[in-house]
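One structure is given below, encoded as structure tokens.
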Amino acid sequence: MRDSIIPVTLTLSGIAVALLLQGVVVLCTSPATLKLERAFPHNDLMELSQLRDRDDLRHRRLLQQASTKDVIRFPLQGTYDPYRVGLYYSKVQLGSPPKEYYVQVDTGSDILWVNCKDCKGCPTSSGLKIPVVLYDPSSSSTSSLISCSDKRCSIGIHSGDADCSDSNNWCSYSFKYGDGSATSGYYVSDLIHLEMMSDNSNPSSNASSTVMFGCSTFQAGELSMSDRAVDGILGFGQQGLSVISQLASQGAAPDAFSHCLVGDGDGGGILVLGQIMDPNMVYSPLVPSQQHYNLHLQSISVNDKTLSIDPSVFETSHNRKGTVIDSGTTLGYLAEEAYNPFVNAITKAVPQSVQPFDAKGYQCYVTKNSVSEVFPIVSFNFAGDASMVLKPENYLLKQKTVGGETAWCIGFQKVKGRGLTILGDVVLKDKSVVYDLGGQRIGWVDHDC
């Protein structure tokens, strides 16, 4: 998430090896999959062409479970791993003729923007070993500037994603993120090209839709650094200018998406435009009229014992940011009134053989045992009688192993004075998570991704 909450943006380079979720049903009007790929394969002897062929077969099995023949696919690369600097990014095609741009996928922001020609501060190379490409509106025959009189600009102004204060009458934007980085530029309209994957008789075809996106002419902070450089950000937020909202309004995609993130090994997973259906999935309603994916967190339990935390700590109000579900954030964050009771309850629950210690603000432990044997089960309890049950692997981060003993740290940080709780990838991994924008709810269920 790169926004005013608390972004934890981590990047990782590597060889992309596809990993697709199996055994799920996708229901939507126009399903689309975004494939999360492994960054470091376990089996280096396997040819990439073999892996690609295997993925195509798995895609076709997924298509047989979808409600339409055609699936829009955006292959993703990257992995979740806070210690290997992980990041999910996708390759999108924009313009006429189409050119490819690598963009970070972020559910904590709304706008698709890419670095543009004559940009000041934009990186010219990437440590991810991907090409850096600048979008040039003048080189695309289907590109046009967005004026302040365009109704799409009005939508952006209403959501805080656009501005028309300049005298040139062009719709512009300026974003400053919580990590100190910043970007600014102007909006354009152009084609986004969608790869349609179909059945065996028609393996793939192309479609395109016109979308409004940002053309960045200035970068600062982390966004200007080459080690984590991509060409832009693809926001999956719920505001009107997000690409998923634009595509849904055109009937080109459903108003829902889902993901399942692998929590061990090389990472990976799947992101689907549509809903992953599971009979055991539980749902909790979204807090209405919020910029982010806020839920009503009511309590936290450790080993089925509810912690003594005032429920108002987790509420969304004018002076409290509430509880946010965000796959763009790596760690977990707890409002300061909840953090100490949470950590203390875990520490009290472990046996004396587990040695607690503090490491630069993280509560850590040393143990010779498997964490599932000695650490408690944690439950985040939401409105709608929906509990998110966390095994120790969903709230602990593995550190070093020395002499048979392994250090584990709680993957949550304290947020002071903002009334903010964020459940990031450390919590969401190994679960199917559905963002049902049409139904204004989020669902989840444990799944071997």
Side-chain angles (χ1 to χ4, degrees), residues 19-36 58 61-68 71 76 80 88 105 107-108 236-238 244 248 253-264 268-288 290 292-301 304 314 323-329 332 377-391 393-395 421-449:
L19 176 67
L20 273 177
L21 175 67
Q22 300 182 68
V24 299
V25 177
V26 181
L27 292 183
C28 59
T29 303
S30 177
T33 57
L34 283 82
K35 182 183 58 183
L36 278 65
R58 300 177 79 178
R61 287 198 294 269
L62 180 65
L63 291 177
Q64 292 173 0
Q65 300 172 328
S67 57
T68 63
V71 170
L76 267 72
Y80 161 79
Y88 294 119
V105 173
T107 63
F236 266 88
Q238 56 184 324
I244 190 170
D255 55 356
F257 66 95
S258 314
H259 63 66
C260 197
L261 306 177
V262 176
D264 58 8
I270 188 173
L271 195 155
V272 179
L273 298 191
Q275 295 191 50
I276 294 175
M277 307 302 293
D278 187 294
N280 298 315
M281 187 167 290
V282 296
Y283 293 90
S284 186
L286 285 165
V287 180
Q290 298 299 310
H292 303 286
Y293 294 109
N294 286 62
L295 291 180
H296 301 274
L297 178 59
Q298 298 175 329
S299 66
I300 300 175
S301 303
D304 294 326
F314 306 116
T323 302
V324 178
I325 302 292
D326 178 44
S327 65
T329 294
I377 297 295
V378 169
S379 178
F380 284 73
N381 307 308
F382 294 88
D385 196 25
S387 292
M388 184 178 289
V389 179
L390 307 183
K391 300 174 183 178
E393 294 84 357
N394 288 108
Y395 64 83
T421 294
I422 304 176
L423 304 185
D425 287 346
V426 67
V427 174
L428 302 177
K429 64 188 181 183
D430 301 320
K431 292 175 174 59
S432 294
V433 182
V434 173
Y435 300 73
D436 180 6
L437 306 188
Q440 283 293 286
R441 61 181 186 168
I442 290 182
W444 57 86
V445 65
D446 287 345
H447 196 98
D448 181 0
C449 303

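No experiment lies behind these values; they were computed from the predicted model shown. Only heavy atoms go into these numbers, but all of them, side chains included; no hydrogens, no water, no symmetry mates.
Between Thr323 and Phe314, the closest heavy-atom pair is OG1-O, 3.3 Å. Heavy-atom minimum distance, Ala383 versus Ser284: O-OG, 2.7 Å. Residues Gln238 and Gln440 come closest through the heavy atom pair OE1-NE2, 3.5 Å. Across all non-hydrogen atoms, the minimal contact from Val433 to Ile442 is CG1-CG2, 4.0 Å. Taking both residues in full, the closest heavy atoms of Leu286 and His296 are given as O-NE2, 4.4 Å, listed atom of the first, atom of the second, then distance. Scanning both residues, Asn381 and Ser387, for their nearest heavy atoms gives OD1-OG, 2.8 Å.
Leu437 CG to Phe236 CZ: the interatomic distance, rounded to the nearest 0.5 Å, is 10.0 Å. Taking CD1 from Ile325 and CG from Leu297, the interatomic distance works out to 8.5 Å, rounded to the nearest 0.5 Å. Here the straight-line distance linking atom CG of Asp278 with atom OG of Ser258 works out to 11.0 Å at 0.5 Å rounding.
One N or O on the side chain of Asp326 and one on the backbone of Gly108 form a donor-acceptor pair closer than 3.5 Å.
Side-chain contact between Met388 and Val282 is absent, with no heavy atoms from C-beta onward closer than 4.5 Å. Using a 4.5 Å heavy-atom threshold, the side chains of Phe257 and Thr107 count as touching. Within the 4.5 Å cutoff, the side chain of Asn280 has no heavy atoms near those of the His447 side chain. The shortest side-chain heavy-atom distance between Lys391 and Asp430 does not fall under the 4.5 Å cut-off. Considering only heavy atoms from C-beta on, Asn394 comes within 4.5 Å of Lys429 through its side chain.
Phe382 and Trp444 have their aromatic ring centers within a separation under 6.0 angstrom.
When the options Leu428, Val434, Asp425, Val105 are evaluated for a side chain to side chain contact (heavy atoms under 4.5 Å, CB included) with His259, the one that passes is Leu428.
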- Ile276 vs Ser432, side chain to side chain contact (heavy atoms under 4.5 Å, CB included): CA-CA, chis, key distance, verdict: CA-CA 7 Å; Ile276 294 175; Ser432 294; 4.1 Å; yes
- Message: Show, in sequence, the C-alpha distance, side-chain angles and deciding distance for Tyr435 and Ser327, and conclude whether the side chain to side chain contact (heavy atoms under 4.5 Å, CB included) test is met.
- Response: CA-CA 11 Å; Tyr435 300 73; Ser327 65; 4.0 Å; yes
